[in-house]
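Report on the following structure.
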Amino acid sequence: MAQQPYPPGARLLARPDTAKPCPACGDLLGRGYPDCVTCAERVDSYWKADWAALLDDQGIVEGDPEERELAGRVVADDPGAHPWTCVDWALRLMTCPACRAELATGDPGCLSCAGADQTRWAWDDAGMPVSMTRNEHDLRVAVACLRAADRRRDTIVAYSRLSLPFLLTGDSASRAQAQRIRTHLLASRRDELAAADSFAAMASLPDLPWRDRR
Ligand SMILES: [Zn+2]
Ligand SMILES: [Zn+2]
């Protein structure tokens, strides 16, 4: 098989230094994704920048019919032919032929959406750690999860929502931190987690032994 370039994604725009409240929804920026327009715009800007560069490269104007044709080609191409952000954006521009939802976000029973969602992750397996950092992978996973929340378990959706502001700053949770945060979520401590200002702070909520021993 030909060597694919695996051009990196989400690196054209600078990331914020710290997680700050969203001026529109008041939650930490990103937590309103995708319902809050401001959260969605800021998060999506990293994907859009790469897609705009691809359109430019191909001489295609945004909104023209050629843009959808390009999306179809990008999704059908071998993994690694385009930045992962462009693969994600192409999926968004496509409608699932089976359930008519945005491709890869339809209800859990849609095999066409499941297939489209599955194939995109080959990029991450091959692209890490050089063309894709762990932070970029975690960011991609969180955003895909929030766009297709019906397809994921509640704990995973809540975890993605809590994480997104910190992922935007370039931070990532260690495996141990992620495990601790999920444990806190299962113990219904979402409000305490939401008040914490980093992955480390979320992971280090004090234990509640009286709850564990019931
Ligand atoms: Zn917001
Ligand atoms: Zn579907």
Side-chain angles (χ1 to χ4, degrees), residues 3-25 28-94 102-105 116-117 119-148 160-161 163-173 199:
Q3 197 77 26
Q4 291 294 328
Y6 287 91
R11 294 185 186 174
L12 290 181
L13 303 178
R15 303 281 202 93
D17 294 333
T18 54
K20 291 202 187 76
C22 165
C25 70
L28 284 185
L29 191 83
R31 285 200 177 144
Y33 192 88
D35 298 325
C36 168
V37 174
T38 303
C39 281
E41 263 175 14
R42 299 279 187 91
V43 172
D44 286 344
S45 64
Y46 299 95
W47 277 254
K48 279 217 85 163
D50 292 343
W51 184 254
L54 180 63
L55 287 181
D56 223 36
D57 184 57
Q58 306 277 317
I60 295 173
V61 175
E62 187 187 343
D64 280 1
E66 287 81 11
E67 188 184 25
R68 279 179 178 267
E69 286 165 26
L70 175 66
R73 286 204 302 279
V74 167
V75 168
D77 257 335
D78 290 333
H82 305 279
W84 55 272
T85 39
C86 289
V87 178
D88 287 353
W89 201 262
L91 286 170
R92 291 193 205 181
L93 295 177
M94 296 173 75
E102 172 186 311
L103 191 55
T105 70
D117 185 49
T119 50
R120 73 169 116 176
W121 303 108
W123 206 112
D124 304 50
D125 291 338
M128 285 199 290
V130 176
S131 296
M132 179 182 239
T133 63
R134 199 161 59 81
N135 168 265
E136 287 161 354
H137 169 70
D138 291 349
L139 181 67
R140 187 186 198 196
V141 169
V143 167
C145 171
L146 293 177
R147 291 194 77 77
S160 298
R161 201 171 288 293
S163 304
L164 196 42
F166 308 126
L167 291 174
L168 283 176
T169 68
D171 202 4
S172 263
F199 280 118

Looking only at side chains, do Trp51 and Glu62 share a donor and an acceptor under 3.5 Å apart?
->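 No, no side-chain donor-acceptor contact under 3.5 Å.
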With a cut-off of 3.5 Å and sequence neighbours excluded, list every side-chain donor-acceptor pair involving residues 137-148.
from	atom 1	to	atom 2	distance (Å)
His137	ND1	Asp124	OD2	2.6
Asp138	OD2	Ser172	OG	2.9
Arg140	NE	Asp88	OD1	3.2
Arg140	NE	Asp88	OD2	3.2
Arg140	NH1	Arg120	O	3.1
Arg140	NH1	Asp124	OD1	2.4
Arg140	NH2	Asp88	OD1	2.9
Arg147	NE	Glu102	OE2	2.9
Arg147	NH1	Tyr33	OH	2.8
Arg147	NH2	Glu102	OE1	2.8

With rounding to the nearest 0.5 Å, note down the distance linking [atom1] in [X] to [atom2] in [Y].
X	Y	atom1	atom2	result
Glu136	Thr133	CD	OG1	3.5 Å
Leu167	Arg15	CG	CZ	8.0 Å
Leu28	Ser163	CG	OG	11.5 Å
Asn135	Leu168	CG	CG	8.5 Å
Leu164	Cys39	CG	SG	8.0 Å
Leu29	Thr169	CG	OG1	11.0 Å

Lys/Arg N to Asp/Glu carboxylate O, Lys48 vs Glu41, below 4.0 Å |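 Glu41 and Lys48: not salt-bridged.
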State, to 0.1 Å, how close [X] and [Y] come at their nearest heavy-atom pair, and which atoms those are.
X	Y	result
Trp84	Pro8	NE1-C, 4.5 Å
Val43	Gly30	CG2-CA, 4.1 Å
Asp50	Cys86	O-SG, 3.5 Å
Val75	Met94	CG2-SD, 3.6 Å
Arg42	Pro23	NH2-CG, 4.1 Å
Pro165	Arg31	CG-CG, 3.4 Å

Check: Gln58 side chain, Leu55 main-chain N or O, donor-acceptor pair, under 3.5 Å =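 Not at all, since once roles are kept as given, no pair shorter than 3.5 Å links the two residues.
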Give a yes or no on whether the backbone of Tyr6 and the side-chain of Ser131 come within a donor-acceptor separation of less than 3.5 Å.
->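 Indeed, once roles are kept as given, a pair shorter than 3.5 Å links the two residues.
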Apply the test side chain to side chain contact (heavy atoms under 4.5 Å, CB included) to residues Val74 and Leu54: give CA-CA distance (whole Å), side-chain angles for both, the deciding distance (0.1 Å), then the verdict.
-> CA-CA 10 Å; Val74 167; Leu54 180 63; 3.9 Å; yes
Could you walk me through whether Trp47 and Arg92 pass side chain to side chain contact (heavy atoms under 4.5 Å, CB included), step by step?
-> CA-CA 11 Å; Trp47 277 254; Arg92 291 193 205 181; 4.1 Å; yes
What do the steps show when you test Thr85 against Trp89 for side chain to side chain contact (heavy atoms under 4.5 Å, CB included), and what is the final call?
-> CA-CA 6 Å; Thr85 39; Trp89 201 262; over 6 Å; no
Listed by chain and number, what are the ring-ring contact (aromatic ring centres under 6.0 Å, His included) partners of Tyr46, not counting sequence neighbours?
->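 In terms of ring-ring contact (aromatic ring centres under 6.0 Å, His included), with neighbours along the sequence ignored, Tyr46 is linked to no residue.
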Under the ring-ring contact (aromatic ring centres under 6.0 Å, His included) test, which residues partner Phe166, sequence neighbours left out?
->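 Checked Phe166 against ring-ring contact (aromatic ring centres under 6.0 Å, His included); matches are Phe199.
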In terms of heavy-atom contacts, does CD of Glu66 have more than 12 from other residues, nucleotides or ligands at under 6.0 Å?
->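 Counting other residues, nucleotides and ligands, CD of Glu66 exceeds 12 neighbours.
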Inspect the surroundings of CG in Asp17 and state if more than 12 heavy atoms from other residues, nucleotides or ligands are less than 6.0 Å away.
->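 12 or below, so no.
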